[in-house]
Amino acid sequence: MRITFIGGGNMASALIGGMLKRGAIAADIAVVELQADGRDRLAREFGVRAVEALDASAAGCDLLVLAVKPQQMREVCASIAPLIDGQTVLSIAAGLRASDIGRWLGGRARMVRAMPNTPALIGRGVTGLYADASVGDAERARAEELLSAVGRTVWVDDEKLIDAVTAVSGSGPAYVFYFIEAMMRGGEALGLNADQARELAIATFTGASALAAQSPESPATLRERVTSKGGTTEAALKSMNADAVGDAIVRALAAAAARGAELGDQLGAA
Ligand SMILES: NC(=O)c1ccc[n+]([C@@H]2O[C@H](COP(=O)([O-])OP(=O)(O)OC[C@H]3O[C@@H](n4cnc5c(N)ncnc54)[C@H](OP(=O)(O)O)[C@@H]3O)[C@@H](O)[C@H]2O)c1
């Protein structure tokens with residue numbers, strides 16, 4: 001598969017690294033990156049072809065990946081639109097809708113939209129994917145091949161659900177960090193030192209997540225199993241329920257999804 005990236009920053013680097021680890025050939029990958037030092041790094045680190053502007057060779061790829069910031073997207077699309085003629089274009093930009101990007105590209109692209117998350121940087125991401133009706137099975141498989149190189153993938157069949165994906169997994173790492181921070185604070189308040197609290201909180205998240213992923217039981221069942229009557233876990237969960245922590249998290253996700261839709265409206269206008 002010949003892939004061209006527009007934008008060679010953090011996410012593009014994670015995706016390129018993941019593809020190469022999985023046996024992709026560096027000569028099949030091109031990156032358009034404005035910064036000269038960025039191009040040098042990409043060529044040195046990955047052995048890929050790094051160029052300043054999209055040329056006919058790089059445009060004639062199987063998958064064109066838009067990996068620039070959402071605010072840069074419109075200008076980028078205007079600059080590459082003359083070279084777009086039926087390619088499958090995958091955007092990883094937060095908020096921006098496939099229909100808006102497709103319009104900026106002159107209506108000649110088959111659009112796929114993806115919402116990865118930051119653990120992709122260490123190959124442990126999860127990405128929500130949506131493809132418009134013009135995208136066939138072979139093109140979907142190419143998008144899947146790329147994103148599965150940095151973690152798991154989940155397809156949705158309605159683009160609106162990408163806002164839900166953003167709310168759960170796109171923004172999700174920040175909620176996990178928030179919870180870890182709170183557990184560290186709580187541990188320190190009980191007398192642990194900062195290193196001890198950090199080690200205990202992070203390892204608990206890693207271990208409990210792995211257990212939930214491997215177990216056939218639901219998270220609710222796993223929680224009930226560690227909550228003995230009159231025990232310490234029950235005391236903590238009663239306190240959380242009294243503070244409606246679960247409901248607050250549900251409301252937080254709704255706020256993230258609403259903001260995603262709003263960003264889509266703002267960024268896609270015009
Ligand atoms: N990082 C994440 O966890 C994450 C998660 C989900 C989605 N995303 C999405 O992924 C996209 C990329 O994020 P990132 O963290 O990789 O950003 P980034 O590190 O800033 O990478 C974007 C790169 O594209 C370059 N660029 C800008 N305009 C260009 C142009 N016209 N032609 C070629 N290159 C151009 C930028 O150069 P300059 O520095 O000169 O602007 C920068 O090097 C964003 O849209 C973001 O919403 C990221």
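Order of listing sets the numbers, starting from 1, for every ligand and every atom in it.
Under the 3.5 Å distance criterion, with hydrogens and angles disregarded, no donor-acceptor pair is assigned to the side chains of T166 and R259.
Side-chain atoms of T88 never come within 3.5 Å of backbone atoms of E139 as a donor-acceptor pair (strictly under, hydrogens ignored). The closest donor-acceptor contact from the side chain of Q87 to the backbone of A59 lies under 3.5 Å. Of the possible polar contacts, one joining the R108 side chain to the A81 backbone as a donor-acceptor pair under 3.5 Å is found. For R22 (side chain) and S148 (main-chain N/O), a donor-acceptor pair under 3.5 Å exists by modelled atom type. In this structure a side-chain-to-backbone donor-acceptor pair under 3.5 Å is missing from R74 to W104. Side-chain atoms of T127 never come within 3.5 Å of backbone atoms of A114 as a donor-acceptor pair (strictly under, hydrogens ignored).
Here the options are I6, I3, L90, the test is side-chain contact (heavy atoms from CB on, under 4.5 Å), and the partner is L64; only I6 passes.
Heavy-atom proximity to atom 24 (O) of ligand 1, evaluated over S79, G7, S91, is greatest for G7.
Nearest approach of A14 to L121, heavy atoms of both residues: CB-CD2, 3.7 Å.
Ligand 1 has no N or O atom lying under 3.5 Å from any N or O atom of N117, backbone or side chain. Of the N or O atoms in V76, none lie within a sub-3.5 Å distance of an N or O in ligand 1. Taking any N or O of V68, backbone or side chain, at least one lies under 3.5 Å from an N or O belonging to ligand 1. Every N/O-N/O distance between M115 and ligand 1 stays at or above 3.5 Å.
Summary of contacts: the protein heavy atom closest to atom 18 (P) of ligand 1 is K69 NZ, 3.5 Å. For atom 21 (O) of ligand 1, the nearest protein heavy atom (residue, atom name, distance) is G9 CA, 3.2 Å. The protein atom (non-hydrogen) at minimum distance from atom 8 (N) of ligand 1 is I92 O, 3.5 Å. Scanning the protein for heavy atoms near atom 19 (O) of ligand 1, the closest one is N10 N, 3.0 Å. If you check which protein heavy atom lies closest to atom 43 (O) of ligand 1, you get E33 OE1, 2.9 Å. The protein heavy atom nearest to atom 47 (O) of ligand 1 is A94 N, 3.1 Å. Looking only at protein heavy atoms, the nearest one to atom 2 (C) of ligand 1 is M11 CE, 3.3 Å. The nearest heavy-atom contact from the protein to atom 32 (N) of ligand 1 is L34 CG, 3.7 Å.
For E217 and R225, the salt-bridge test passes: some basic side-chain N is under 4.0 Å from an acidic carboxylate O.
Going from atom CD of E159 over to atom CZ of R97 covers 7.0 Å, rounded to the nearest 0.5 Å. Once rounded to the nearest 0.5 Å, the distance linking CZ of R113 with CG of D100 reads 9.0 Å.
Those atoms of ligand 1 that come under 4.0 Å of a heavy atom in A93, given as number and element, are 45 (O), 47 (O). The T118 neighbourhood of ligand 1 comprises atoms 2 (C), 3 (O), with distances under 4.0 Å to a heavy atom of that residue. Against a heavy-atom cut-off of under 4.0 Å, P70 is close to the following atoms of ligand 1: 44 (C), 45 (O), 47 (O).
Heavy atoms of P116 come nearer than 4.0 angstrom to ligand 1 in at least one pair.
Heavy atoms of Q35 found under 4.0 angstrom from ligand 1 belong exclusively to the side chain. Contact annotation: for A67 versus ligand 1, heavy atoms closer than 4.0 Å belong to the backbone alone. Contact annotation for Q72 and ligand 1: only side-chain heavy atoms (C-beta onward) come within less than 4.0 Å of the ligand.
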